[in-house]
Visitor: 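Here's a structure for you.
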Amino acid sequence: MKTLLVGINAKYIHTNLAIRDIFGYIKQNNKEEDIQIYEATINDELDDILEDIISYQPDVIGFSCYIWNIESVLYLAENIRKIRPETKIVLGGPEVSYEAENLLERNPSVDYVILGEGEERFFKLLLHLKSGALFDTIDGLAYKKRKDILIQPPKSYVNLNEIPFPYINENLENKLVYYETSRGCPFRCAFCLSSLETAVREADLDKIEQDFMRFLRMGVRIVKLVDRSFNCNLPRALRLLEIIRNLPQDMIFHCEINPELVNDEFIKALQGIEDRLQFEVGIQSTNPEILKEISRTPNTKKSLDGIKRLKSAGIKLHVDLIAGLPHENFKSFGNSFNDVYNLHTDEIQLGFLKLLKGTKLRTDAHKYSIIYRSKPPYEILYNNDITYEELCILKGIARLLDKYYNTGRFYHSLIYLEEKFKCPFEFYRTFYDYCKKKCLFKTRHSLKDRYDILYYFAESLGTDIVNFDIFKDILKFDFLLTNGKAAMPGCIEACEDREFLTIAKKYIYNNKWLKENLPQAIGFSNHELSRYLAYGLFNYDIPYNYNVKRKKGVVFLRKNNKKYYADFKV
C-alpha cells in the first residue's frame, strides 16, 4: 500500500514539520512501509500539484491542513476522488481537528480526519486499512460509516522522544526550518488554538542538543521553534539557552516567548548569544480590561517592562498586536499601538482577529456581536466596538508598518516625522489618509518609489511642519545606510561633485583612517572598498543632531547584515 503525505506550504522557504514527523514516526516503527513526502506551496498552480500527486499513484493520501491551504486541499481532494476513486483521503492538522463532523458532511471526497496529534494515529490508521480491522480502537479519528459520521475524541499524547529527527537527506541551507522541543501551552488565550491543549509535554534536552548539532552539519541558518511559549518553564528555558550557547557555530533561533516571565536570570542567560536569538512577543493589547476578557494576564506594565528589558539586552524583537478584540474600539487600539510602538522594537505586526475553529472566541462570537468571514482565515469584519471601515483603516496602517517601519530602511526619516505629531498612531493615521487619497494602496511600489512616497507625504504637511532641506538629508542618509551604492530615488538630489568624490576616496583608501573610524572595512582590497563602500555629502549633522547645519561627508558599509557609517570632513 503506497502512502503519500502532502504539505502545501505558505512559502517556498518553509518546511512542513508535521508530515516529516509522521513520516519519521512511521518509518521508525515499520521500515518497510511504502510512504513518501510531497511538498508544494499555495502559490503553485493547483492543477500542477494535482498532476504531481496523481503521478505517485498513491493508495492513501494524508494532507496537512491549515487556514492558509484548506481550500486548496479540498479542491485537490475532490479531484483526486474523481481521478482515483479508490484512493483513501485523510486530512489532519489544526484546521480540521475541530468541527470535523461538519467537514465530513460537506466534503464526500474526504474519508478520514485525524484529530490532534497525527504521528501515532495515522500509523494506526494505515495498519487498520491494511488489515481491514475496525477503526473504533483508534482515538482521535473521525470517519464515515455508511450514512453515519463517527467522532472518536483524542485521549492520549505522543511521547516526543519517540519522534525521530524530522529532516533526512535534505538541503536546508535556504530554508526556514521548523522544530519543536515541546507541545502544549499553559495559557488560555481565548483566540488561540493552543489554549485547548494546556498539558505541556517536553522532549529530553539530550535529544534536542543532538538534533541541533545535526542542523549545524546540514548548514541550517535559521531554526524556528514552534513551542507555544519558550520560557513558560524557566529552568528548562535556561538549559536550552545554554545548549544554544555551546553550539560551535552561529545558528539563529526564532522563539515565541511570554514577556511577563522575563526576569533577571533569563536576561543574564541571554548575554553573549544575543545575535543567535529572535523573539516573537504576542502582547495583543495593552488594555487590561480587554486582556482580561480574552483570558490573558492583564498585567500590562509587567509585559511592557519585559519587552524593554529584552530590547536593552540586544535581542531582535517582533511584537504582535491584534485588532478587533472584544471591547477594543478604534481609540483604545490606538493607545495599544502607541504603547507598543514607543518601545521601538525591530518589528511590529498589526494583525487582525481570526475566529479559529475550536477557540473560545469563535464559540462566543455572538456574545460580542463579532461578524467574521465564512472562509479561512475567518477574519473579523466588525463587532460592536469597531466598525468595518475602522478595520480597513487599520489594514492600511498595517501595510505602512510593513513597508516602512518593519524594513528598517526608513528609521531616521520616520523618527523625524513622528516628532511632528502628538503620537505615532496619529502619524500613521495621517500617512494612511494621504496614501488612500492618492490611491497608493492599489499599486505595487518599488523600494525607490517608497522613498518618494514618504517624501511627498512630508511635503503635503507643509513647510510650517517639515524643514525639507533637513528631511532630504535624513532620507538620503537612510537610503545610503541600507541600500549602499544603489541608484538614488528621485526625491534625493545627488549633490556629490568631482571634488567631493576625490576627498571621499582619500579617506576610504587611507588604512589609518579606516582603522580608527570604520574598522569593519579593514582587510578589504581596493576593489572591495570601491564595491562595498558608499558615501554621500550632507549639509546637516545627520543622524546626531538634525538641527545643526554642518557640511560633512559620510561613508557607509553593510557587512554581515549589519550597518556601519563614519563621518569625514569636506
Side-chain angles (χ1 to χ4, degrees), residues 1-27 30-97 100 102-114 118-119 121-123 125-130 141-144 166-178 375-377:
M1 189 169 72
K2 295 175 67 174
T3 301
L4 183 67
L5 298 174
V6 179
I8 302 176
N9 303 324
K11 295 180 180 178
Y12 170 76
I13 63 167
H14 293 176
T15 52
N16 187 301
L17 179 60
I19 59 175
R20 286 171 171 81
D21 278 346
I22 293 171
F23 175 88
Y25 185 88
I26 291 173
K27 277 293 189 182
N30 183 359
K31 292 181 180 179
E32 304 305 316
E33 191 70 46
D34 189 353
I35 184 168
Q36 291 178 279
I37 282 176
Y38 170 80
E39 283 184 287
T41 79
I42 56 173
N43 298 312
D44 296 329
E45 289 290 336
L46 281 176
D47 287 332
D48 290 341
I49 298 174
L50 177 64
E51 182 180 348
D52 287 345
I53 291 173
I54 295 299
S55 71
Y56 284 88
Q57 297 291 296
D59 301 299
V60 180
I61 301 174
F63 284 99
S64 180
C65 302
Y66 302 87
I67 52 175
W68 64 79
N69 71 11
I70 185 62
E71 292 192 308
S72 297
V73 166
L74 293 176
Y75 170 86
L76 292 167
E78 177 188 348
N79 288 287
I80 290 167
R81 173 67 76 231
K82 291 174 181 176
I83 300 166
R84 286 181 60 85
E86 71 280 12
T87 297
K88 300 298 182 184
I89 296 176
V90 187
L91 306 189
E95 175 56 18
V96 298
S97 289
N102 181 50
L103 184 142
L104 288 168
E105 285 177 350
R106 292 172 147 224
N107 297 277
S109 54
V110 178
D111 297 298
Y112 308 96
V113 176
I114 301 289
E119 292 88 358
R121 290 174 187 130
F122 194 85
F123 181 46
L125 177 61
L126 292 183
L127 294 178
H128 282 60
L129 286 171
K130 283 181 181 178
L141 182 68
Y143 60 99
K144 300 165 186 171
Y167 300 92
I168 306 297
N169 300 325
E170 294 190 55
N171 181 358
L172 299 175
E173 289 187 27
N174 297 311
K175 294 282 190 175
L176 179 61
V177 176
Y178 292 85
K375 292 185 177 182

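Sequence positions, counted from 1, serve as the residue numbers for this chain.
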Visitor: Which heavy atom of Leu126 sits nearest a heavy atom of Met1, and at what distance?
Guide: O-CE, 3.7 Å
Visitor: Using the side-chain hydrogen bond (donor to acceptor under 3.5 Å, both in side chains) criterion, which residues pair with Asn107? Sequence neighbours excluded.
Guide: none
Visitor: Would you say Phe122 and Leu5 make side-chain contact, with heavy atoms under 4.5 Å?
Guide: yes
Visitor: Can you tell me if OH on Tyr12 sees more than 12 non-hydrogen neighbours from other groups inside 6.0 Å?
Guide: no
Visitor: Show your working on side chain to side chain contact (heavy atoms under 4.5 Å, CB included) between Val110 and Val96 and close with a plain yes or no.
Guide: CA-CA 11 Å; Val110 178; Val96 298; over 6 Å; no
Visitor: Could you pull out the closest heavy-atom pair between Leu46 and Ser72, with the gap in Å?
Guide: CD2-CB, 3.6 Å
Visitor: Sequence neighbours left out, what passes salt bridge (charged side-chain N to carboxylate O under 4.0 Å, His left out) with Lys82? Give chain and number order.
Guide: Glu78
Visitor: Could you tell me if the side chain of Lys175 sits less than 4.5 Å from the side chain of Lys11, heavy atoms only?
Guide: no
Visitor: Between Ile114 and Leu91, is there a side-chain heavy-atom distance shorter than 4.5 Å?
Guide: no
Visitor: Restricting to salt bridge (charged side-chain N to carboxylate O under 4.0 Å, His left out), what partner residues turn up for Glu170, sequence neighbours left out?
Guide: Arg20
Visitor: Is any side-chain heavy atom of Val90 closer than 4.5 Å to a side-chain heavy atom of Ile61?
Guide: no
Visitor: With rounding to the nearest 0.5 angstrom, report the CZ to CD1 distance, Arg84 to Ile89.
Guide: 10.5 Å
Visitor: Which residues satisfy the side-chain hydrogen bond (donor to acceptor under 3.5 Å, both in side chains) test with Tyr178, sequence neighbours excluded?
Guide: none
Visitor: Are Val113 and Tyr143 close enough that some pair of their side-chain heavy atoms sits under 4.5 Å apart?
Guide: no
Visitor: Could you work out, with salt bridge (charged side-chain N to carboxylate O under 4.0 Å, His left out) as the rule, every residue matching Glu32, not counting sequence neighbours?
Guide: none
Visitor: Validate the cation-pi geometry between Lys27 and Phe123: distance from NZ or CZ to the six-membered ring centre under 6.0 Å, angle to the ring axis within 45°.
Guide: no
Visitor: From Ile70 CD1 over to Ile42 CD1, what is the distance, rounded to the nearest 0.5 angstrom?
Guide: 13.0 Å
Visitor: Among residues at least two apart in sequence or on other chains, which ones pass salt bridge (charged side-chain N to carboxylate O under 4.0 Å, His left out) with Glu71?
Guide: none
Visitor: Let's go through Tyr25 and Asn30 carefully: what are the C-alpha distance in whole Å and the side-chain angles of both, what is the deciding distance for side chain to side chain contact (heavy atoms under 4.5 Å, CB included) to 0.1 Å, and is it a yes or a no?
Guide: CA-CA 9 Å; Tyr25 185 88; Asn30 183 359; over 6 Å; no
Visitor: If you define the side chain from C-beta out and look only at heavy atoms, does anything of Glu39 sit under 4.5 Å from Asn9?
Guide: yes
Visitor: Counting N and O atoms only, with roles assigned by atom type, does the side chain of Trp68 sit under 3.5 Å from a partner on the main chain of Pro377, one being a donor and the other an acceptor?
Guide: no
Visitor: Using side-chain contact (heavy atoms from CB on, under 4.5 Å) as the criterion, list what pairs up with Ala40, not counting sequence neighbours.
Guide: Tyr38, Asp44, Ile49
Visitor: Does Glu105 have more than 12 heavy atoms from other residues, nucleotides or ligands lying within 6.0 Å of its CD?
Guide: yes
Visitor: Which residues satisfy the side-chain hydrogen bond (donor to acceptor under 3.5 Å, both in side chains) test with His128, sequence neighbours excluded?
Guide: Thr137
Visitor: Could you measure the distance from the CD1 atom of Ile35 to the CD1 atom of Ile26? Nearest 0.5 Å is fine.
Guide: 4.0 Å
Visitor: Can you list everything that forms a side-chain contact (heavy atoms from CB on, under 4.5 Å) with Ser64? Sequence neighbours excluded, please.
Guide: Asn16, Ala18, Ile19, Tyr66
Visitor: Is it the case that the side chain of Thr87 and the backbone of Pro58 share a donor-acceptor pair, with hydrogens and angles ignored and the cut-off at 3.5 Å?
Guide: yes
Visitor: Is Val60 close to Leu125 at the side-chain level, that is, under 4.5 Å between some pair of heavy atoms?
Guide: no
Visitor: The criterion is side-chain contact (heavy atoms from CB on, under 4.5 Å); which residues satisfy it with Leu50, sequence neighbours excluded?
Guide: Asp47, Ile54, Leu76, Asn79, Ile80, Ile83
Visitor: My understanding is that only residues two or more places apart in sequence, or in another chain, count here; which of them pass side-chain hydrogen bond (donor to acceptor under 3.5 Å, both in side chains) with Asp59?
Guide: none
Visitor: In chain order, what residues pass the side-chain contact (heavy atoms from CB on, under 4.5 Å) check against Asp34, with sequence neighbours excluded?
Guide: Lys2
Visitor: Using a 6.0 Å cut-off, check whether atom CD of Gln57 has over 12 heavy atoms from anything other than its own residue.
Guide: yes
Visitor: Which heavy-atom pair separates Asn174 from Ile13 by the least distance, and what is that distance?
Guide: O-CG2, 3.7 Å
Visitor: Report yes if some heavy atom in the side chain of Lys144 is under 4.5 Å from a heavy atom in the side chain of Asp111; otherwise report no.
Guide: no
